[in-house]
Amino acid sequence: MKKIKTQVGIIGAGPAGLTLAHWLKRNGISSVILELRSRKYIEGRVRAGLLEQNTVDILNDMGLGSRMKKEGIEHDGVFLSFDSERVHIPFAELTGGRRITIYGQQEVVKDLTDAWLDQGEELLFEAEATKIKDFNTDHPEIHFTHEGEDGVLECDFIAACDGFHGIGRKTMPKESYRSYDITYPFSWLGILANVAPSSDELIYAYHENGFALHSLRSEVVSRLYVQVDNDESVDNWSDDRVWSELSTRLGTPGFELKEGPIFEKGITPMRSHMIDNLKSGRLFLAGDAAHIVPPTGGKGMNLAIADVKHLVDGLVGFYKNNDTKDLDNYTQMALRRIWRAQDFSNYMTQLFHKQDEHGTFTYKLQKAKFDYLKMSTASRATIAENYVGLPFETYEF
């Protein structure tokens, strides 16, 4: 049986697990990462591509943002449309210079993985964590299998960054938390296309036919979405139908949608999920293991990395000062940001998705909220500061 010893055992080599490992190393704290999937899989898995200001700052501060600086695309605002009427939200102007950067999650994972392995640190791919043991003691263990051999990772603390279906969340005692869930009555049909973006900024659009989003992955690849029913099939959406519907829903006077070859299609269900306790003994959850937000607010990866910030604070306090205060308060600190992200993501989802027919009470409320954005600088500033991400010190009260 393979035995490994480290200070922090990390399950999951996504943005949360990898960022945590690098941040701990900067503070002289050792860690080993176990990842269920292959390196090819995690580096090719297309996920979110919107980085908040906080996330960009963290990656740059750790010296891991060189490729992001070259290839990432900064955005100082976003367009919001309702019934073909468009409003611009100028992020930098309303938030004192804060902005977002478009840079694919898989690219972040590549950068962090390369840097971790180049430093000679340990990351076991295709290593399945099978059991978390003794997490209520000072010597927890992660039992795993790797290359046909059983192993044990002995550590002081365990960080489960292994997603909703991972062993971390499943190991948490059921009586230790309450779960909160919303399943929305619609999904997103998303495409990737080899075509330059049709807009300098992202576009969120409400239309009688349903929601649409214009985003991008690079200067030559566009990422676009349309609202569909939960039981919809990709087979029902030819390329021509996709482009026609996107053109209709995103349309405003003077706007022309560029079309190009579609090389990926997929349907994403929309849901909100979280639990209200992120630790049990020396087991800590971060990222999708603790919460899921609908992609409307662009918060998923950013929220995961924010969790890591609070966890690092706690672990550094423990190892450097023998102080457990921040570890004890990890859930409390993380939940402040999680609930804020849940509320903003829900707000954006409710505002821009068709939920009822035109003329109904629900529609009139949506229209009233959009009209308020047009007339109120304060309302636009609320969107802006939530979208780019509130500074960490905002939550220290």
Review item, side-chain donor-acceptor pairs of residues 57-65, under 3.5 Å, at least two apart:
from: D57; atom 1: OD1; to: Q53; atom 2: NE2; distance (Å): 3.0
from: N60; atom 1: ND2; to: V56; atom 2: O; distance (Å): 3.3

Practice problem: Verify whether one side chain among R98 and N54 offers a donor that lies under 3.5 Å from an acceptor in the other. | Solution: yes
Quiz item: Under the side-chain contact (heavy atoms from CB on, under 4.5 Å) criterion, do L18 and I33 qualify, and how do the steps go?
Solution: CA-CA 8 Å; L18 287 162; I33 309 171; 3.9 Å; yes
Quiz prompt | side-chain hydrogen bond (donor to acceptor under 3.5 Å, both in side chains) evaluation trace for W237 with E232 | solution = CA-CA 9 Å; W237 287 80; E232 186 59 277; 3.2 Å; yes
Practice problem: Please confirm whether the backbone N or O of E141 pairs with a side-chain atom of K131, one donor and one acceptor, at under 3.5 Å? | Solution: no
Quiz item: Hey, are E85 and K374 close enough for a salt bridge, meaning a charged N less than 4.0 Å from a carboxylate O?
Solution: yes
Exercise. For T130, enumerate each residue passing the side chain to side chain contact (heavy atoms under 4.5 Å, CB included) test, keeping only those at least two apart in sequence or located in another chain.
Key: E128, H143, T145
Practice problem: May I ask you to check whether H75 and E201 show a side-chain donor-acceptor distance below 3.5 Å? | Solution: yes
Quiz prompt | Ion pair K325/D328, N-O distance below 4.0 Å | solution = no
Quiz item: Checking N321 side chain against D323 main chain: does a donor-acceptor pair fall under 3.5 Å?
Solution: no
Quiz item: Of all residues at least two apart in sequence or in a different chain, which pass the ring pair (Phe, Tyr, Trp, His ring centres under 6.0 Å) check with F255?
Solution: none
Quiz item: Would you find a donor on one side and an acceptor on the other, under 3.5 Å apart, between the side chain of D307 and the backbone of G287?
Solution: yes
Quiz item: Counting only N and O atoms by type, is there a donor-acceptor contact under 3.5 Å from the side chain of D162 to the main-chain atoms of G168?
Solution: yes
Quiz item: In terms of hydrophobic clustering (I, L, V, M, F, W, Y; side-chain heavy atoms under 4.5 Å; direct or indirect links), are Y180 and L303 co-clustered?
Solution: yes
Practice problem: Check step by step if side-chain contact (heavy atoms from CB on, under 4.5 Å) holds for L94 and R380. | Solution: CA-CA 8 Å; L94 295 170; R380 294 192 294 275; 4.0 Å; yes
Quiz item: Can you tell me if S38 uses its side chain to pair, donor with acceptor, with the backbone of Y41 under 3.5 Å?
Solution: yes
Self-check item: Validation row, ring centre Y395 to ring centre W339 under 6.0 Å
Solution: no
Quiz item: So which pairs with a foot in residues 101-113 pass salt bridge (charged side-chain N to carboxylate O under 4.0 Å, His left out), sequence neighbours left out?
Solution: R67-E107, R67-D111, E107-K110
May I have the list of side-chain donor-acceptor pairs in residues 2-10 shorter than 3.5 Å, sequence neighbours left out?
from: K2; atom 1: NZ; to: H146; atom 2: ND1; distance (Å): 3.3
from: T6; atom 1: OG1; to: S30; atom 2: O; distance (Å): 3.4
from: T6; atom 1: OG1; to: S30; atom 2: OG; distance (Å): 3.1
from: T6; atom 1: OG1; to: S31; atom 2: N; distance (Å): 3.2
from: Q7; atom 1: OE1; to: S30; atom 2: N; distance (Å): 2.7
from: Q7; atom 1: OE1; to: S30; atom 2: OG; distance (Å): 3.3

Exercise. Kindly write out the residues that satisfy side chain to side chain donor-acceptor pair (under 3.5 Å) with R337, not counting sequence neighbours, or none if the list is empty.
Key: none
Exercise. Could you tell me which non-hydrogen atom of P295 sits nearest to which non-hydrogen atom of M270, and how far apart they are?
Key: CD-SD, 3.5 Å
Quiz item: Do Y330 and H310 have ring centroids that are under 6.0 Å from one another?
Solution: no
Practice problem: Indicate yes or no for a side-chain donor-acceptor contact from T101 to the backbone of I73 under 3.5 Å, with no hydrogens or angles considered. | Solution: no
Quiz item: Are Q350 and Q355 linked by a side-chain donor-acceptor pair shorter than 3.5 Å?
Solution: yes
Quiz item: Residues in side chain to side chain contact (heavy atoms under 4.5 Å, CB included) with E259, at least two apart?
Solution: W243
Self-check item: Ring centre gap for Y206 and F352 strictly below 6.0 Å
Solution: no
Quiz item: Who passes side chain to side chain donor-acceptor pair (under 3.5 Å) against D150, sequence neighbours left out?
Solution: none
Self-check item: Set of residues satisfying side chain to side chain donor-acceptor pair (under 3.5 Å) with respect to E208, sequence neighbours excluded
Solution: none
Quiz item: Is it true that a side-chain atom of S379 and a backbone atom of M375 form a donor plus acceptor pair closer than 3.5 Å?
Solution: no
Quiz item: Is it true that E126 and R37 make a salt bridge, defined as a side-chain N closer than 4.0 Å to a carboxylate O?
Solution: no
Quiz item: Ignoring hydrogens and geometry, is there a side-chain-to-backbone donor-acceptor pair from S84 to G251 under 3.5 Å?
Solution: yes
Quiz item: Under a 4.0 Å N-O cut-off, is there an ion pair linking D356 with K364?
Solution: no
Quiz item: Is the F186 ring parallel, tilted or perpendicular to the H353 ring (thresholds 30°, 60°)?
Solution: parallel
Quiz item: Under 6.0 Å between the ring centres of F211 and Y225?
Solution: no
Self-check item: side-chain hydrogen bond (donor to acceptor under 3.5 Å, both in side chains): pairs with one or both residues in residues 266-275, sequence neighbours excluded
Solution: D181-R271, D181-H273, Y184-S272
Quiz item: Under the side-chain contact (heavy atoms from CB on, under 4.5 Å) criterion, do E264 and I262 qualify, and how do the steps go?
Solution: CA-CA 6 Å; E264 183 178 298; I262 296 173; 5.8 Å; no
Exercise. Answer yes or no: is there a side-chain heavy-atom contact under 4.5 Å between D326 and Q332?
Key: no
Quiz prompt | Test: R86 cationic atom under 6.0 Å from F79 six-membered ring centre, within 45° of axis | solution = yes
Exercise. Can you tell me which residue pairs pass the salt bridge (charged side-chain N to carboxylate O under 4.0 Å, His left out) test with a partner in residues 245-256, sequence neighbours excluded?
Key: E245-R249
Quiz item: Given D83 and H207, is the side-chain contact (heavy atoms from CB on, under 4.5 Å) satisfied, shown in steps?
Solution: CA-CA 5 Å; D83 287 347; H207 188 273; 5.8 Å; no
Quiz item: Salt-bridged, D239 to K265, with N to O below 4.0 Å?
Solution: yes
Exercise. For E219, enumerate each residue passing the side chain to side chain donor-acceptor pair (under 3.5 Å) test, keeping only those at least two apart in sequence or located in another chain.
Key: none
Quiz item: Is there a donor-acceptor pair under 3.5 Å between the side chain of S345 and the backbone N or O of T296?
Solution: no
